[in-house]
**Q** 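Supplied in structure tokens, the structure appears directly below.
In what follows, residues are counted from 1 in the order of the sequence shown. Each ligand, and each atom within it, is numbered from 1 in the order the structure gives. None of these values were measured; they are calculated from a predicted model.
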Amino acid sequence: MLKIAIQKSGRLYEDSIKLLKECGIQLNNGNKQLKAVGFNFPIEVYFLRDDDIPQYIYDGVADIGIVGENVLQEKGRDLDILFRLGFGKCRLSIAVPKSMKYSSGKDLANLKIATSYSSILGKYLSENNINAEIHEISGSVEIAPGIGLADAICDLVSSGSTLFTNGLKEVEVILQSEAVLAGNKNLSKEKKDILNRLLLRINAVNTARNNKYIMLNAPNDQLENICSILPGMKSPTIVPLAEEGWSSVQSVVNENDFWDIIEKLKQFQAQGILVVPIEKMIV
Ligand code: ATP
Ligand code: MG
């Protein structure tokens, strides 16, 4: 069995469980036990605090795990990053009180910075030759300047609203982070085989998320133009309509190019454009 560690509760829990579900993995005892077993896939799921996941993988207690890059870097364990999962996006930033004048990193000199990320922050400060004091605390970092514990903070930010309500402004981004699938570097052949089966599924789920299935009707004299912007997986499917001179075209488009393509399709007289989500995509 392949052992995977995921967060037991918190921001990554829901998306991690959802990913396993979308990969067709059903767990025998769903919620928040210490451990669950996949009954239709050889996998064992461990529910842990995210801080502990890198060490567990490094020690081989778990083989792989889902964890934020921020935690992975902070813990500094030598693991393989197997897949960037696209959720849990955030950044690790330095913030100072709104009233403070700030123009560059030099303004951090001699300040006391509160953080739970002392290793990443320490590296950043020394790489940029900034001489500041790091004050390590484990939670509620954002209130540190307000209660006089520190002059600045280094913490995770997504929307910035927590900073705002605490009278802080973001001045330096030191890491962009998302959830990743990390793995032990020395997996056995048997475990690697299971991992590869899992990766195929994760890849299919992620590719499907980034693509849409598109169907439209077009006059036959525009088919060449339309096919040139709808490459599809191999090439578009073209089926004649009952109405003479018209065809239905079916293809797959990438989310990023989506609106550009729709605009061009309209120029090429496409009608009745339908766009539907794809559940799985194996290319
Ligand atoms: P645990 O109890 O497992 O230690 P935690 O309180 O340390 O949980 P969470 O707040 O649940 O951690 O965040 C887990 C991860 O979610 C973070 O390490 C980070 O990768 C990601 N994340 C995404 N957006 C944010 C955000 N705005 N603030 C904090 N973490 C975020
Ligand atoms: Mg944690």
**Q** Between the Mg ion (ligand 2) and D50, which N, O or S atom of the residue is the nearest one?
**A**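 In D50, the heteroatom (N, O or S) nearest the Mg ion (ligand 2) is OD1.
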
**Q** Are R209 and E255 ion-paired here, with the side-chain N under 4.0 Å from a carboxylate O?
**A**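 So R209 does not pair with E255 through a salt bridge.
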
**Q** So, T162 versus N166: side-chain donor-acceptor pair below 3.5 Å or not?
**A**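 Note: T162 and N166 side chains miss the donor-acceptor criterion.
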
**Q** Do D78 and Y58 have a side chain donor and acceptor closer than 3.5 Å?
**A**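 Their side chains do not contain a donor-acceptor pair, so the 3.5 Å distance test is not met.
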
**Q** Which residues pass the salt bridge (charged side-chain N to carboxylate O under 4.0 Å, His left out) test with K75, not counting sequence neighbours?
**A**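 Checked K75 against salt bridge (charged side-chain N to carboxylate O under 4.0 Å, His left out); zero matches.
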
**Q** Need the atom name: nearest N/O/S atom of D51 to the Mg ion (ligand 2).
**A**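 When I compare the N, O and S atoms of D51, OD1 is nearest to the Mg ion (ligand 2).
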
**Q** Got a second to check how far N206's CG is from R84's CZ, nearest 0.5 Å?
**A**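 It comes to 12.0 Å.
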
**Q** Distance under 4.0 Å, heavy atoms only, partner ligand 1: which residues pass?
**A**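 Lining ligand 1: Q7, S9, G10, R11, L12, R49, D50, D51, G68, N70, V71, G88, K89, C90, L156, S158.
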
**Q** Is a side-chain donor-acceptor pair under 3.5 Å present for Q55 with D59?
**A**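 Yes, side-chain donor-acceptor contact under 3.5 Å.
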
**Q** Report yes or no: is the cationic atom of K98 (NZ for Lys, CZ for Arg) under 6.0 Å from the centre of the six-membered ring of F164, at an angle within 45° of the ring normal?
**A**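 Yes, a cation-pi geometry holds between K98 and F164.
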
